[in-house]
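What follows is one structure encoded as structure tokens, with my remarks underneath.
Every chain is numbered from 1, with letters handed out A, B, ... down the list of sequences.
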Amino acid sequence: MLSSFKKSRFIVISLVELLLFLSLWQLLSMTDWFPTYVSSPAVVLGIISEFFMTGEVFPHIGISLYRSIVGFLLVVLFGTGLGILAGFFQPIGRFFDPVVSFFNPIPKIALLPVFLVWFGVTDMTRILIIFTSAFFPCFIATLDGVRGINKLYLWSAENMGASKFKMLYRVVLPAALPKIFDGWRVALALTFVMMFSSEMIGSSTGKGLGFMILNADAYGRTDIVLAAVIVIAALGFLFDRLLIGLRGRVLWWQNR
Amino acid sequence: MKAIKKFIVKYLALILIALLWQGFVLAELFPRQLFPGLGEILLVFVELLATSDLWTNMGVTIYRILIGFLLAAIVGIPIGIQMSRSSFIDDLMQPIFTAGYPIPRVALYPIFVLLFGLGSGSKIFTIFLECIFPIVVSTYYGAKSVNHLYVWSGQNMGATDRKLFWKVFLPGTMPSIFTGFRIALPIGVVIAVLTEMISSNNGIGYFLVYLSATLSQSKVLAVVIFISLFGYGLDRLLLYVRNRYVYW
Amino acid sequence: MSCGSVMTRVVPVNKVEPKESAIKISNLRKVFERKGEEIEAIKGIDLDIKEGEFVSVVGPSGCGKSTFLHIVGGFIERTSGVVSVQGEEVGKPAPDRGMMFQESTLFPWRKVYDNVAWGLEAQKFPKADIKERVEYFLKLVGLWEFKDNLPSELSGGMKQRVSLARVLAFDPKVLLMDEPFGALDSQTRETMQVELQRIWSESKKSVIFVTHDIEEAVYLSDYVVVLTKRPSVVKEILKIELPRPREVSIRKSYDFIDYRNHIWDLLHEEENVKSIGGQSNAE
């Protein structure tokens, strides 16, 4: 009761603030001294609706999402999978520890030019940079989650005669899941940043929201730039909500 | 002998990766220029250290990171603390920092270039915008979870509100603030390199793209090593500062 | 000795040597509001504690004895009633009522010495005075040689001894102790009880000591106040007439066991009221 009241109040405040921000922006854009190259929200919203009416934005969204989702799923698969193994089986953990301490501090974005040379301006490059950027947060969070499991859970499961494999997905996975979700959220945010960046750097032709911004920017169409930025922001927000929704479903036993 | 064996076992993964890399080089699957050996990269790295190009560009990047990060800290910490102390400000700011968190703010960079120009301004603002989120959120949760018994004992010992804030509340929040710093600083590095790669005429990100365009892969990789060392050093420095001042 | 003879339902007054009232609590009532529902935690508590007395408060778990102490300390607001220290009504937390909590509230970022000095600094004691007092009280609890350690380097028992030094150092009029040894293992706890008795007899402060440990209450106290379950009232006040200073072995004496058993019975009466299910138990 109380929390749903709080939630709806939160949403109301958010919307009011958004509305205030938009109207302030609108008002400002009608004054003289506001830079003319920043379009008014009315214009930008017009562009966005045009995007969807004509459908010209869909291929861009599609290809951007394809890159993001493939990259993100690879991260989930390898980051979480290896993280659980490394956390559960000590020799595997010891094998991976130096890899983490060596490669994690590298600002992965710096590898983008390297990949560009190796693989050219392709989806391979983009997915690879998403993967390298988002892998470590996911892997480390999972590893921490598994290593942080109360030993007594494992002992009692062993005591009740669970096999190693059964323990992995009956005890280790659920117990580490809150941390794993934290890792996924960070990875998702990085995925979107890298998707946008990899589309903006080194590509002059093609599709994707980042490319769309780059292209519009080159033609001085700031209204289209802003519209595309808002679409990216909305997608980032939407997918985060989806992940949180999934978390709420899966981790129903938390926050009860 | 034993020590060598121990070393090999401990760093097995890294040794394997290095061997694999060298194997690729020796097999000559790719042209040398695109896939240089580790020795060559190291050599180029040492040579690069003597060039002024590297240092001037790195200097520009460091300047942007530090200013953006410091601004985020100066603005972010008071916001986080005020949110934890006043439910009105909490209500007001919570939507911005909760709903705004997952939005890739760096996408606004092209707009900032229009507003602040191609120079440092647009980069610093983007860095500021990305760094402030983790700082505010960490400070907020840290301040919220300061053990209320600390505050109670402070009151019990007759401290004024002012003293309570500076001597109990703030030190109690400090560990969380540093956690926020440690999240924000690497983000600052990434965003600096990123924005410089997208559009700039100086900075280490620009330097990388420039080298990459000349297809000198060994130099690119050497700069990557340099940036990584810088990122690593920055984190160590922060850790040192934390251990010095948040020693408990 | 029969317990009946020392039992009294009225506030105890020492007839032989009438003493000043150190802390007086009358009609203290507390109603919490949780999710729009009113919960009466404390129905009405009256106590009059004289100068230099050690009074323990025990009661069934969840009876609000800690809440009671937090109200006396001023950390939680009372719904109604009066709390006065040496005749003056008190409210907000202040150094006239020194408080010790169950868990260590030593500031982890300050060394032992600076923790003890904290309250003195806050109350702007002169510098030389601070030094003298910190040294005196750290020596009193036997931890002077740990003055440069951080709290995280001390054991649980040592931390609570430093807490005691910290609270004694700023010379409160009364001491409020909320299960201060509750988190310690039983051996450390026994040592701490002996220490506390020694330090208390030197400092001559009035103490309200909340605990769930009956033996601890009997061993330390002049009076043991037994509360009923929620909503709490005073069920009985028991005068403990064991000679002081009390040896550890006093726990084995029949008198001690009589007191202990009597309080045990009182508490179990309370626990059992639940199963009978009447609200009227408080009457």
Side-chain angles (χ1 to χ4, degrees), chain A residues 9-11 13-18 35 37-38 94-99 102-103 105-114 116-118 133 185 188-190 192-197 200-202 209-210 213-214 216-217 222 225-226 228-230 232-241 243, chain B residues 9-14 16-17 30 34-35 91-92 94-96 98-111 113-115 130 183 186 189-195 197-199 204-205 208-209 211-213 215 217 220-221 223-235:
Chain A
R9 193 169 69 146
F10 177 83
I11 292 170
I13 294 175
S14 310
L15 290 178
V16 168
E17 281 180 359
L18 190 64
Y37 48 79
V38 180
R94 274 199 293 273
F95 181 79
F96 275 108
D97 277 343
V99 180
F102 187 83
F103 287 103
I106 298 180
K108 256 62 72 180
I109 185 66
L111 290 171
L112 187 57
V114 180
L116 278 173
V117 171
W118 282 344
S133 296
R185 255 193 106 185
L188 187 68
L190 277 169
F192 272 90
V193 170
M194 288 302 148
M195 175 267 280
F196 158 81
S197 323
M200 290 222 25
I201 298 165
L209 290 165
I213 293 175
L214 194 69
D217 199 31
T222 50
V225 172
L226 276 169
V229 166
I230 289 173
I232 288 186
L235 285 177
F237 181 73
L238 188 75
F239 274 82
D240 188 60
R241 285 287 117 183
L243 198 61
Chain B
V9 170
K10 192 173 174 198
Y11 295 102
L12 188 62
L14 293 182
L16 284 180
I17 291 171
F30 313 103
L34 297 189
F35 205 94
D91 282 346
L92 217 62
Q94 197 64 256
I96 298 172
T98 312
Y101 206 98
I103 291 173
R105 295 168 289 282
V106 69
L108 288 166
Y109 173 67
I111 308 295
V113 172
L114 290 175
L115 288 173
E130 286 283 350
I183 300 171
V189 176
V190 169
I191 298 301
V193 175
L194 182 57
T195 50
M197 280 163 86
I198 293 174
S199 60
I204 204 75
L208 261 179
V209 174
L211 290 176
S212 166
L215 288 186
Q217 193 73 329
V220 173
L221 284 164
V223 174
V224 170
I225 293 177
F226 185 77
I227 298 177
S228 307
L229 286 178
F230 170 72
Y232 183 74
L234 213 56
D235 187 55

Side chain, backbone, both or neither: which part of [X] has an atom under 4.5 Å from a heavy atom of chain A?
| X | result |
| --- | --- |
| B:Asp91 | both |
| B:Gln94 | both |
| B:Leu92 | both |
| B:Ile17 | side chain |
| B:Val106 | both |

Beyond-backbone contact of A:Met200 with B:Ser199, side-chain heavy atoms, under 4.5 angstrom: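 Answer no - side chains too far apart.
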4.5 Å side-chain heavy-atom contact, A:Ile213 and A:Phe196: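 A side-chain contact under 4.5 Å exists here.
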Sort out for me which of [options] touches chain B most, counting heavy-atom pairs under 4.5 Å.
| options | value |
| --- | --- |
| A:Lys108, A:Glu17, A:Met194 | A:Glu17 |
| A:Leu243, A:Asp240, A:Ile230, A:Leu111 | A:Asp240 |
| A:Ile11, A:Ile106, A:Leu112 | A:Ile106 |

When [options] are compared by non-hydrogen pairs under 4.5 Å with chain A, the top option:
| options | result |
| --- | --- |
| B:Ala213, B:Pro110, B:Pro186, B:Gly231 | B:Pro110 |
| B:Leu115, B:Ile96, B:Val220 | B:Leu115 |
| B:Val193, B:Val9, B:Leu12, B:Leu211 | B:Leu12 |
| B:Val189, B:Ile227, B:Val209 | B:Ile227 |
| B:Pro104, B:Ala107, B:Ala99, B:Gly100 | B:Ala107 |

Check each atom of [X] against the heavy atoms of chain B and say whether the ones under 4.5 Å are side chain, backbone, both or neither.
| X | answer |
| --- | --- |
| A:Phe102 | side chain |
| A:Phe103 | side chain |
| A:Met195 | neither |

Residues, nucleotides or ligands: over 12 heavy atoms within 6.0 Å of B:Tyr11 OH: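 No, because the 6.0 Å sphere around OH of B:Tyr11 holds 12 heavy atoms or fewer from other groups.
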More than 12 heavy atoms of other groups within 6.0 Å of B:Phe230 CZ: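 For B:Phe230, atom CZ is crowded (more than 12 foreign heavy atoms under 6.0 Å).
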Exam field: side chain B:Thr98 to backbone B:Pro95, donor-acceptor pair closer than 3.5 Å: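 Here the side-chain-to-backbone pair does not exist.
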B:Ser212 side-chain N/O to B:Leu208 backbone N/O, donor-acceptor pair under 3.5 Å: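 Looks like no, no N/O pair under 3.5 Å.
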